Number of protein chains: 2
Amino acid sequence: MKGYLWTGGDPGSQSTVAPPDNGRLAPYEAIAVEAVGNVIEFWGFKRNQGRVWGLLYLRGEPLTAGEIERELDLSKGGVSMLLRDLERWGVIQRVRVPQDTVWRYAAETDLVRMVTHVVEEREAAFVTRIRADLSEARRLAELAGGVSPERLRKLERMATLAEHVERALRLFIKTSRLDVAGVLGAFRDGALGRKGDR
Amino acid sequence: MKGYLWTGGDPGSQSTVAPPDNGRLAPYEAIAVEAVGNVIEFWGFKRNQGRVWGLLYLRGEPLTAGEIERELDLSKGGVSMLLRDLERWGVIQRVRVPQDTVWRYAAETDLVRMVTHVVEEREAAFVTRIRADLSEARRLAELAGGVSPERLRKLERMATLAEHVERALRLFIKTSRLDVAGVLGAFRDGALGRKGDR
DNA sequence: GGTGCAGTTCACGCGGTCTTGAACTATATG
DNA sequence: CATATAGTTCAAGACCGCGTGAACTGCACC
């Protein structure tokens, strides 16, 4: 995938609103961006991945890597890698302003996709593996002989425990998806926000 | 809290079963213990906390710190701290064999208590904080003026997003508890079915 | 071709976490 | 009281992940 054209507005109009300050965030922006950074770190990602996404989401309009670099005070290389991760996870989009040469990046609206996606991935590669290990242990124990039936039962219990945690995890992912989908829907209905969707 | 008396059997009878090998785990034990270590690490704890609990659970009978130290190849000091953590979380118990002077440690059966407990704790101290930050950001933004209504809406959305993730998390904890308690049917008609309420 | 800028890659260093090992306290025993 | 053993605490070190900054590629424009 190579990115899409951005048709949201001409480059010139941005400067009237966005960068009177190029380099320092407004206080409220800093807080919000930091909050997203914390959430994302909480879920086992890199803090700066969250900060980048938060900035892009808040700004609404696509930013260049250089702008992100300045606003969040990150290194060139770092921004490059962060953007690549975020893009791979599908939570930002790489866009091209018509007659401009630089790439810009825009936030996809559901950050939850990132969380659920990678949580799913972790879960698949991991909890499944745990279950396999535990049943392997049980097999070995039976094979070796001399293991008390009580211990065999314990091994089995651990395996089913893992299985159930796995199941609960799946449920969590599913419901949190529904939940978020529901939230976004509720927004459009005007429950909280005003009218005038973008 | 200081521990409880252990009345599961006299000290002499243990040696006939438990420590023919003092130092190296049986292969199946190693696998199982390691599996628990992985799970626990996955949930954001220390790997060795999981290994200790796994060993205690599998063995069924209380072990001394020294035995744990040998079986899992850990340092004296490390075992001490690990045991203290596990005890504080209520997933192991400190017990005393009648006329013996050393402490022994026994696994509490629900490891899930540890997971849910600390997940709850994290969640309470954290996601709540995030929400506060986000509404603070929104307040500042309104106060500063000149912030587009669109951005205010975005801030609001982020806050409710956090709120809903929080809710989903609580649901997860609750169901995983129910699940482990053996009430498997509980979430069949409960969580998934209700999609009309948002 | 050469200059400049956008973007990528990667070895290194910083910062944080976990573990160790030694010093220390507590407690039982002769 | 002296000694030994169980248990705790903590500074030092091992370890690991992340971000940096420099070297590199690619591309556009002169």
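Naming: A, B, ... by sequence-line order, numbering from 1 per chain. For clarity, every value in this text was computed on a predicted model and none was experimentally measured.
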Note to self: From CG of B:Leu63 over to P of D:dA6, roughly how many Å is that when rounded to an integer?
What the structure shows: 15 Å
Item checked: Closest listed nucleotide, where the reference is the side chain of A:Ser80 and the choices are D:dT8, D:dC18, C:dT8 -> C:dT8
Next item on the list: Determine, using ring centers only, whether B:Phe45 and B:Trp89 are less than 6.0 Å apart.
Entry: yes
Notebook entry, point to check: To the nearest Å, how far apart are A:Phe45 CZ and D:dC18 C1'?
Noted result: 16 Å
Next item on the list: In whole angstrom, give the distance that lies between atom NZ of B:Lys46 and atom P of C:dG16.
Entry: 17 Å
Next item on the list: Report the C-alpha separation of B:Tyr28 and A:Arg151 in whole Å, then their side-chain angles, then the decisive distance to 0.1 Å, and conclude whether the side-chain hydrogen bond (donor to acceptor under 3.5 Å, both in side chains) test is met.
Entry: CA-CA 11 Å; B:Tyr28 81 92; A:Arg151 281 206 196 164; 3.2 Å; yes
Notebook entry, point to check: Within this structure, what is the OH-to-P distance between A:Tyr105 and C:dA6, rounded to whole angstrom?
Noted result: 12 Å
Item checked: Atom-to-atom span, CG of A:Leu82 to C1' of D:dG17 - whole angstrom -> 13 Å
Note to self: Evaluate A:Lys46 against A:Glu41 for salt bridge (Lys or Arg N to Asp or Glu O under 4.0 Å), listing each step before the verdict.
What the structure shows: CA-CA 5 Å; A:Lys46 299 186 196 171; A:Glu41 188 180 28; over 6 Å; no
Check: Just wondering, are more than 12 heavy atoms of other shown residues or ligands nearer than 6.0 Å to CZ in A:Arg88?
Finding: yes
Checklist line | A:Leu152 versus A:Ala141, closest heavy-atom pair with distance | finding: CD2-CB, 3.8 Å
Notebook entry, point to check: Out of C:dT20, C:dT9, C:dC18, which nucleotide sits closest to the side chain of B:Ser75?
Noted result: C:dT20
Notebook entry, point to check: Roughly how many Å is it from CG in A:Asp100 to P in D:dC29, rounded to a whole number?
Noted result: 10 Å
Next item on the list: State whether B:Asn48 places a side-chain N or O below 4.0 Å from either non-bridging phosphate oxygen (OP1 or OP2) of C:dT19.
Entry: yes
Notebook entry, point to check: For the side chain of A:Trp103, counting heavy atoms from C-beta on, which of C:dG7, D:dG21, D:dT9 is nearest?
Noted result: C:dG7
Item checked: Upstream residue (5' side of DNA chain D) when B:Met81 and B:Ala65 are each assigned their closest nucleotide -> B:Ala65
Checklist line | Listed nucleotide nearest any side-chain atom of A:Arg84, set C:dA28, C:dT19, C:dT9 | finding: C:dT9
Next item on the list: Just compare D:dC18, D:dG7, C:dT19 and give me whichever is closest to any side-chain atom of B:Lys76.
Entry: D:dG7
Notebook entry, point to check: Please give, in whole Å, the distance from C:dC14 P to A:Leu74 CG?
Noted result: 19 Å
Notebook entry, point to check: Over how many whole Å does the gap from A:Glu69 atom CD to D:dG19 atom C1' extend?
Noted result: 12 Å
